[in-house]
Amino acid sequence: MKTRTLPFLIFGILFFSAAKLQAQCTCISCTGTVIVDQNVTVNFNGAVPVYSGDPDLAPFFSYDISGATPDLWKAIFDLHGNKLLVTNGATISVTNVPANTNNQVSPGIKILSDCEVEVQAGGKIIVSSKNQKAGDIIIETNGHITINGEVRNEVTGTNGLPGALTLYSKCGNINIGGSGVVQVLGVDMGGNLLTLYTCGGSCNNGDITISGLVKSYAHGHGGDQSLNRPNIKVVSIMGAVTVNANTTEPLFDEYSQSGTLYDIWGGLLSWTRDNAIPGKVEVQANGDIVVNGHGTDPTGPVRNSFGAIAAIAT
């Protein structure tokens with residue numbers, strides 16, 4: 001393996017072991033599966049939000065518009081004892097609330113299940129605003145969370161903030177598969193927190209395995225540069241954390257960012273583009289923390305690479 005010196009700031013990475021806590025949870029109990037194989041959209045532009053798309057998910061839809069601004073509103077999907085399965089080609093999203101053509105606020109999405117949530121490769125859950133604050137994405141289950149597709153919270157344009165993104169399993173595991181991408185994408189004035197959290201208990205330790213990419217990103221050259229960092233926090237109160245970046249090829253080969261090409265491998269990546277203050281990556285587990293790093297792109301050209309665990313400012 002070649003040794004390369006990267007002209008970037010790489011720090012703010014924390015590892016620590018949690019004291020063993022007694023987690024209270026109910027073992028996974030599933031009554032059925034709700035399969036989303038058509039797009040789902042919730043439109044917040046009327047007095048009452050309107051659901052459209054896959055009829056199988058419609059009975060589990062509600063909303064919260066009590067917040068003072070649309071970024072505090074949420075489309076809520078409470079599956080109760082059912083598993084949610086988002087299949088290849090299907091997307092769950094919300095319609096923005098436009099202030100004008102160039103300023104569009106996105107409400108958030110909250111998904112609850114006493115069972116499991118799985119997003120297959122090609123499936124997506126997306127919140128995306130434009131030049132305005134986006135709402136949060138929260139996926140909270142009693143059982144496993146498996147992401148082989150994409151969960152994305154972003155703001156487009158030139159300013160505004162993305163919402164936070166949280167995957168929380170009370171009793172199950174979180175698995176970000178090799179094709180899975182979970183990301184928060186910010187511009188100015190920065191980014192937001194991305195959290196993977198498991199409690200675990202008597203029926204399951206609540207292990208977290210990351211083989212795809214968990215990324216929080218921001219431009220961040222405007223405003224108070226000590227705020228709105230693209231931070232990542234991974235916490236397994238009872239279980240272990242494993243980060244796998246040891247694939248043969250990069251997950252994103254020849255990845256283009258601002259005219260520069262990179263090799264992006266799987267793992268945990270906090271990336272601040274436009275100033276010297278990076279975010280941070282925190283990993284906490286009661287069990288082992290195992291990090292399998294990557295080698296050099298065997299097919300070339302070899303680019304500056306990020307993967308496994310990195311907190312960078314470019």
Side-chain angles (χ1 to χ4, degrees), residues 33-44 49 51-64 70-71 73-79 82-96 104-113 115-130 133-156 162-169 172-186 191-197 208 210 212-217 232:
T33 301
V34 176
I35 300 175
V36 176
D37 54 12
Q38 305 172 45
N39 289 341
V40 170
T41 303
V42 178
N43 190 330
F44 282 84
Y51 175 101
S52 62
D54 197 308
D56 293 332
L57 188 58
F60 305 97
F61 165 68
S62 63
Y63 58 85
D64 180 357
D71 61 286
W73 302 348
K74 286 183 177 64
I76 301 171
F77 303 95
D78 191 344
L79 283 294
N82 294 287
K83 174 180 177 177
L84 174 64
L85 178 62
V86 183
T87 65
N88 180 19
T91 298
I92 299 175
S93 63
V94 292
T95 299
N96 290 347
Q104 300 180 4
V105 185
S106 177
I109 294 174
K110 186 173 186 178
I111 296 173
L112 304 169
S113 173
C115 180
E116 304 178 16
V117 169
E118 179 180 355
V119 181
Q120 292 183 339
K124 297 178 181 180
I125 299 171
I126 295 175
V127 165
S128 179
S129 66
K130 183 177 181 181
K133 180 73 168 67
D136 297 338
I137 294 177
I138 300 169
I139 299 177
E140 181 179 321
T141 70
N142 199 53
H144 305 312
I145 298 174
T146 304
I147 309 296
N148 287 301
E150 182 181 17
V151 181
R152 180 172 81 242
N153 195 321
E154 68 176 347
V155 56
T156 63
L165 196 162
T166 302
L167 306 184
Y168 169 43
S169 172
N173 303 326
I174 294 178
N175 181 30
I176 312 301
S179 59
V181 178
V182 179
Q183 56 185 345
V184 174
L185 302 178
N192 212 327
L193 177 64
L194 195 164
T195 303
L196 276 58
Y197 185 88
I208 300 175
I210 300 157
L213 181 63
V214 174
K215 172 184 171 184
S216 190
Y217 170 86
I232 297 174

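What you see is a predicted model, and the numbers here were worked out from it, not measured in a lab.
Of all the heavy atoms in Gly122 and Asn88, the pair that sits closest is CA-OD1, 3.3 Å. Residues Gly135 and Val127 come closest through the heavy atom pair O-CG1, 3.7 Å. Of all non-hydrogen atoms in Val119 and Gly123, the two that sit nearest each other are CG1-O, 3.3 Å. Across all their heavy atoms, Val184 and Gly163 have their closest contact at CG1-O, 3.7 Å. For the pair Val214 and Ile232, the tightest heavy-atom approach, listed with the atom from each and the gap, is O-CD1, 3.6 Å.
Remark: side-chain polar atoms of Asn82 are not paired, donor with acceptor, to backbone N or O of Val34 under 3.5 angstrom. No donor-acceptor pair under 3.5 Å is formed between the side chain of Thr33 and the backbone N or O of Ile35. A distance-only check finds no donor-acceptor pair linking the side chain of His144 to the backbone of Glu116 [under 3.5 Å]. At distances below 3.5 Å, not a single donor-acceptor pair connects side-chain atoms of Ser179 with backbone N or O atoms of Ala121. A donor-acceptor pair is defined here as one N or O able to donate and one able to accept, closer than 3.5 Å; no such pair exists between the side chain of Asp64 and the backbone of Ala75. Asp54 contributes a side-chain N or O that, together with a main-chain N or O of Gln38, makes up a donor-acceptor pair within less than 3.5 Å. Side chain of Ser129 to backbone of Thr156: no donor-acceptor contact under 3.5 angstrom is found.
Remark: Lys74 engages no residue in a side-chain hydrogen bond (donor to acceptor under 3.5 Å, both in side chains) (not counting sequence neighbours). When the ring-ring contact (aromatic ring centres under 6.0 Å, His included) test is applied to Tyr168, the partners found at least two apart in sequence or on another chain are Tyr197.
Going from atom CG of Asn175 over to atom CG of Asn148 covers 6.5 Å, rounded to the nearest 0.5 Å. To the nearest 0.5 Å, atom OG of residue Ser62 and atom CG of residue Asp78 are 7.0 Å apart. Rounding to the nearest 0.5 angstrom, the gap separating the CG atom in Leu193 from the CG atom in Leu165 is 9.5 Å. The distance from atom CD1 of Ile210 to atom CD1 of Ile174, rounded to the nearest 0.5 Å, is 8.5 Å. Interatomic distance, CD1 of Ile125 versus CD1 of Ile111, reported as 3.5 Å (0.5 Å rounding). In this structure, Thr166 OG1 and Ile137 CD1 are separated by 9.5 Å, a value rounded to the nearest 0.5 Å.
Residue Lys133 places its NZ atom among more than 12 non-hydrogen atoms of other residues, nucleotides or ligands, all under 6.0 Å distant.
A tilted orientation is assigned to the rings of Phe77 and Phe61, their planes being inclined by 30° to 60°.
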Could you give me the CA-CA distance, side-chain angles and deciding distance for Val155 and Leu185, then say whether side-chain contact (heavy atoms from CB on, under 4.5 Å) is met? CA-CA 6 Å; Val155 56; Leu185 302 178; over 6 Å; no
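Across Ile176, Val117, Thr141, a single residue satisfies side-chain contact (heavy atoms from CB on, under 4.5 Å) together with Leu167, and that is Ile176. For the pairing with Glu118, the side-chain contact (heavy atoms from CB on, under 4.5 Å) check across Thr87, Ile147, Leu85, Ile145 returns one residue only, Leu85.
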